[in-house]
Protein chains: 2
Amino acid sequence: MDQTRLRSLLAIAEHGGFGRAAAALGLAQPSLSRQIALLEQEVGRPLLYRHGRGARLTEDGQRLADAARPLLTGLANLASALDDPVPRGQVVLGVPTFMSVHLAGSIFGELRQRYPQLHIRLVDGFSGFINQWLTEGRLDIAILYDSQRSRAIMAEVLAEEDLLLFAHRRRARDLRGEGLEQDPVPVSALAELQLILPDQQHGLRRALHRAGAHPDPALLLEVDSLAAIRTLVEHGLGWSVLPRAALTQEAAKRCYILRDLGAPPLRVRLMVAVSPARGMTPALRAVLAHLHAMVARLQKRGIMSAPAARARQN
Amino acid sequence: MDQTRLRSLLAIAEHGGFGRAAAALGLAQPSLSRQIALLEQEVGRPLLYRHGRGARLTEDGQRLADAARPLLTGLANLASALDDPVPRGQVVLGVPTFMSVHLAGSIFGELRQRYPQLHIRLVDGFSGFINQWLTEGRLDIAILYDSQRSRAIMAEVLAEEDLLLFAHRRRARDLRGEGLEQDPVPVSALAELQLILPDQQHGLRRALHRAGAHPDPALLLEVDSLAAIRTLVEHGLGWSVLPRAALTQEAAKRCYILRDLGAPPLRVRLMVAVSPARGMTPALRAVLAHLHAMVARLQKRGIMSAPAARARQN
DNA sequence: TATCAGCTATAGCTACAGGCTATGGACCAG
DNA sequence: CTGGTCCATAGCCTGTAGCTATAGCTGATA
């Protein structure tokens with residue numbers, strides 16, 4: 001979203017009208033009219049309510065303005081980042097289990113090489129554990145799902161991931177019996193399947209719960225180990241649900257069935273959170289930037305999606 | 001700083017060269033060359049190290065890239081802000097004493113009006129106390145000086161402020177005797193003056209200490225109350241040091257002397273920090289945005305400065 | 001050391017985004 | 001009803017950021 005257009009929006013909000021804002025910004029009023037028109041077109045809804053004596057932010061406009069302001073001042077102050085000292089020291093990074101494989105290489109390769117004085121300890125676990133460790137101060141920074149109420153700072157949305165239903169090929173008849181031959185499989189169908197899932201406290205279960213999935217307790221194996229879940233699924237003992245990034249290996253093998261889940265697709269938001277016990281040091285900033293870069297790479301490979309507005313018009 | 005230029009920088013860093021990055025971005029290589037040249041000109045230092053086989057980030061470039069990446073993804077994901085629910089609930093905001101006068105009006109006026117369901121409690125105190133309350137979870141969000149080691153999240157730099165030395169006019173001879181008729185007064189001169197300052201644990205004292213100011217204990221009154229400091233100074237009992245924003249009243253009256261302090265000017269960075277005990281809710285986002293807007297207004301009035309790179313060439 | 005391949009910088013051109021002026025039309029106050 | 005204030009639209013103009021072509025540099029290799 002364009003910087004100058006957002007600044008225009010803020011200026012109009014601040015000065016209460018196009019004309020006054022234009023004067024303050026040192027440009028002509030019609031220029032602002034056009035910029036705002038384009039911005040409103042981009043987001044697909046009105047951002048300003050024009051009344052006879054000027055203009056005020058609509059509710060959408062207000063939220064956009066609130067979200068944009070810190071980013072814009074951040075951009076304006078970027079030069080000061082050059083004064084920060086070089087990242088150094090230890091950073092303990094917690095990630096959901098399946099992400100460690102995507103991260104390990106670049107963390108101990110690129111990042112280590114760039115900042116030799118920066119020592120990173122990578123810890124993985126189910127997101128419930130990660131969350132807990134973060135609030136306990138055992139982690140400095142972590143990747144989490146937004147589905148859990150965290151006492152830590154939810155700093156930013158990193159990406160969105162589709163959740164996929166999967167099983168060994170020999171279980172194909174489970175769905176065929178239900179008449180669920182084509183994607184997506186509705187969430188309600190989970191109640192009929194033999195499922196292998198982690199415990200309630202983990203983000204995955206919460207996301208499923210929020211989406212209205214109610215696994216039959218009689219058909220549910222609760223297993224808090226990704227490796228174990230994989231093994232059980234491989235042996236055809238049931239179905240499981242995991243984010244796409246966790247299933248790159250399974251997607252490559254022909255012996256698995258991977259099915260889209262829910263319409264609209266069932267998704268979780270991946271957030272990055274910073275420990276309460278740690279200031280935002282240059283070291284953390286470097287790790288944060290690296291996580292962003294890594295996620296961007298996964299997005300490019302189609303494994304994750306950019307977090308999008310849920311209700312977009314056009 | 002321009003968004004597309006920063007994206008160019010990131011792309012080159014990622015792909016290891018202008019040509020490959022240009023291909024990835026879908027544009028021609030010379031375009032990138034020019035954008036980067038302009039960016040480097042803007043920050044006044046080289047950001048990329050060109051070697052025969054491509055280009056790599058310099059240390060400055062790396063830090064800029066690290067700082068920019070989260071901002072850029074934030075901008076790219078702005079549309080999702082429109083989906084956030086309306087801000088509501090209680091937020092406890094802590095600010096340094098002297099800032100409450102600049103804030104109170106707009107907090108309980110504009111912000112209250114915009115979000116009727118958002119209830120803000122404003123707490124002020126010396127920054128040492130604010131810091132402590134924040135880590136204890138008594139505050140949700142706070143404005144602080146960066147000079148203290150905080151266990152809270154240092155989210156962002158808001159602004160910089162000059163520290164001014166001031167006293168009642170009748171104490172002018174203190175400086176005249178030292179031959180300090182013209183600005184700025186060197187920091188070392190503080191050792192010779194009768195000073196009235198808050199306790200060691202407060203940001204102001206730490207900033208002075210870091211700048212090499214060593215007040216003579218025999219000439220120092222330690223007073224942890226802004227009102228009391230003001231009164232004492234008004235009665236001519238000594239000199240004090242406060243940020244410019246705290247001295248708007250004194251600046252208007254003719255009976256005070258206000259002097260610049262230190263060369264380069266002695267400054268403190270104003271940060272905004274979020275409580276460990278609170279997630280980044282829409283309510284907090286709204287307050288955060290409001291603080292940014294308020295600080296921008298103060299900057300426009302010349303009371304605060306934008307945080308700038310310390311060592312700028314041109 | 002000389003050569004070549006691969007990369008970036010420079011020069012000059014073009015096009016479009018974003019600025020401006022002029023003007024029309026809506027809205028509110030008196 | 002009328003005048004004033006304000007935003008939207010139309011049409012023009014300029015500057016920026018894109019493009020192609022080419023020069024110049026660098027590092028690898030023979």
Side-chain angles (χ1 to χ4, degrees), chain A residues 1-62 64-65 68 72 75-76 78 113, chain B residues 1-62 64-65 68 72 75-76 78 314:
Chain A
M1 217 169 281
D2 185 47
Q3 204 180 149
T4 66
R5 287 179 189 168
L6 291 170
R7 286 191 205 283
S8 302
L9 182 71
L10 297 184
I12 294 170
E14 184 184 349
H15 294 96
F18 285 65
R20 283 180 288 275
L25 292 173
L27 26 102
Q29 167 265 315
S31 310
L32 284 187
S33 281
R34 197 142 60 105
Q35 294 312 314
I36 295 300
L38 291 169
L39 188 60
E40 287 179 324
Q41 194 176 324
E42 186 178 348
V43 303
R45 20 191 149 175
L47 297 171
L48 288 167
Y49 170 70
R50 283 84 160 163
H51 53 92
R53 296 270 145 200
R56 270 178 28 214
L57 288 171
T58 62
E59 199 145 299
D60 285 326
Q62 188 68 53
L64 183 64
L72 294 178
L75 276 182
L78 256 187
Q113 188 177 12
Chain B
M1 216 169 283
D2 186 47
Q3 203 179 153
T4 66
R5 287 180 190 168
L6 290 170
R7 286 192 204 282
S8 302
L9 183 70
L10 296 183
I12 295 170
E14 183 184 350
H15 294 95
F18 284 65
R20 284 180 288 276
L25 291 173
L27 27 100
Q29 168 265 314
S31 312
L32 284 188
S33 280
R34 199 141 61 101
Q35 293 312 314
I36 296 299
L38 290 168
L39 188 60
E40 288 179 323
Q41 193 177 326
E42 185 178 349
V43 303
R45 21 190 149 176
L47 297 171
L48 289 167
Y49 171 71
R50 284 82 159 164
H51 52 93
R53 297 269 146 200
R56 272 180 26 216
L57 288 171
T58 61
E59 198 144 297
D60 286 326
Q62 188 67 55
L64 183 63
L72 293 177
L75 276 182
L78 256 186
N314 49 355

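All chains are named by letter (A, B, ...) in the order of the sequence lines, taking the proteins before the strands, and each is independently numbered beginning at 1.
- In this structure, A:H51 contributes its side chain and A:R53 its backbone to a donor-acceptor pair below 3.5 Å.
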Begin from the C-alpha positions of B:L6 and A:L78 and carry the test side-chain contact (heavy atoms from CB on, under 4.5 Å) through to its verdict. CA-CA 10 Å; B:L6 290 170; A:L78 256 187; 3.4 Å; yes
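- Separating the CG atom of B:L9 from the P atom of C:dT8 is a distance of 14 Å, rounded to the nearest angstrom.
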When every nucleotide of nucleotides 14-21 of chain C is labelled 5' to 3' by its protein contacts under 4.0 Å (heavy atoms), B for base, S for sugar-phosphate only, - for none, what sequence of letters results? ----BBBB
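- Counting to the nearest Å, the P atom of C:dT8 and the CG atom of B:L39 are 16 Å from each other.
- In this structure, A:S33 OG and A:R50 CZ are separated by 7.0 Å, a value rounded to the nearest 0.5 Å.
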Test side-chain contact (heavy atoms from CB on, under 4.5 Å) applied to B:L25 and B:R7, step by step: CA-CA 9 Å; B:L25 291 173; B:R7 286 192 204 282; 5.8 Å; no
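- Looking at residues 10-24 of chain B, you'll see B:G17, B:F18, B:G19, B:R20 sit with a heavy atom under 4.0 Å from some atom of DNA chain C.
- Side-chain atoms of B:R5 do not come within 3.5 Å of backbone N or O of B:L39 as any donor-acceptor pair.
- A distance-only check finds a donor-acceptor pair linking the side chain of B:E40 to the backbone of B:L47 [under 3.5 Å].
- In this structure, B:Q41 places its CD atom 11 Å from P of C:dT10, rounding to the nearest Å.
- The line from OG1 of B:T4 to CG of A:D2 is 9.0 Å long, rounded to the nearest 0.5 Å.
- For A:I36 and D:dA8, the CD1 to C1' distance is 13 Å, given to the nearest whole Å.
- Rounded to whole Å, atom P of C:dA29 lies 11 Å from atom NE2 of A:H51.
- Distances shown here put every side-chain N or O of A:R50 at or beyond 4.0 Å from the OP1 or OP2 atom of D:dC6.
- Residue whose closest nucleotide on DNA chain C sits further toward the 5' end, between A:G52 and B:R53: B:R53.
- Atom CD in B:Q3 sits roughly 16 Å away from atom C1' in D:dT16 (whole-Å rounding).
- For the pair A:Q62 (side chain) and A:R56 (backbone), a donor-acceptor distance under 3.5 Å is absent.
- Between the side chains of B:D60 and B:T58, no donor N or O sits under 3.5 Å from an acceptor N or O.
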Would B:M1 and B:L64 satisfy side-chain contact (heavy atoms from CB on, under 4.5 Å), going step by step from the backbone distance to the final call? CA-CA 11 Å; B:M1 216 169 283; B:L64 183 63; 4.1 Å; yes
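- A:Q35 is not listed as a side-chain neighbour of A:L27, based on a closest heavy-atom distance of 4.5 Å or more.
- Note on the helix from C:dT1-D:dA30 to C:dG30-D:dC1: angle between the axes of the first and last five pairs equals 30°, rounded to 10 degrees.
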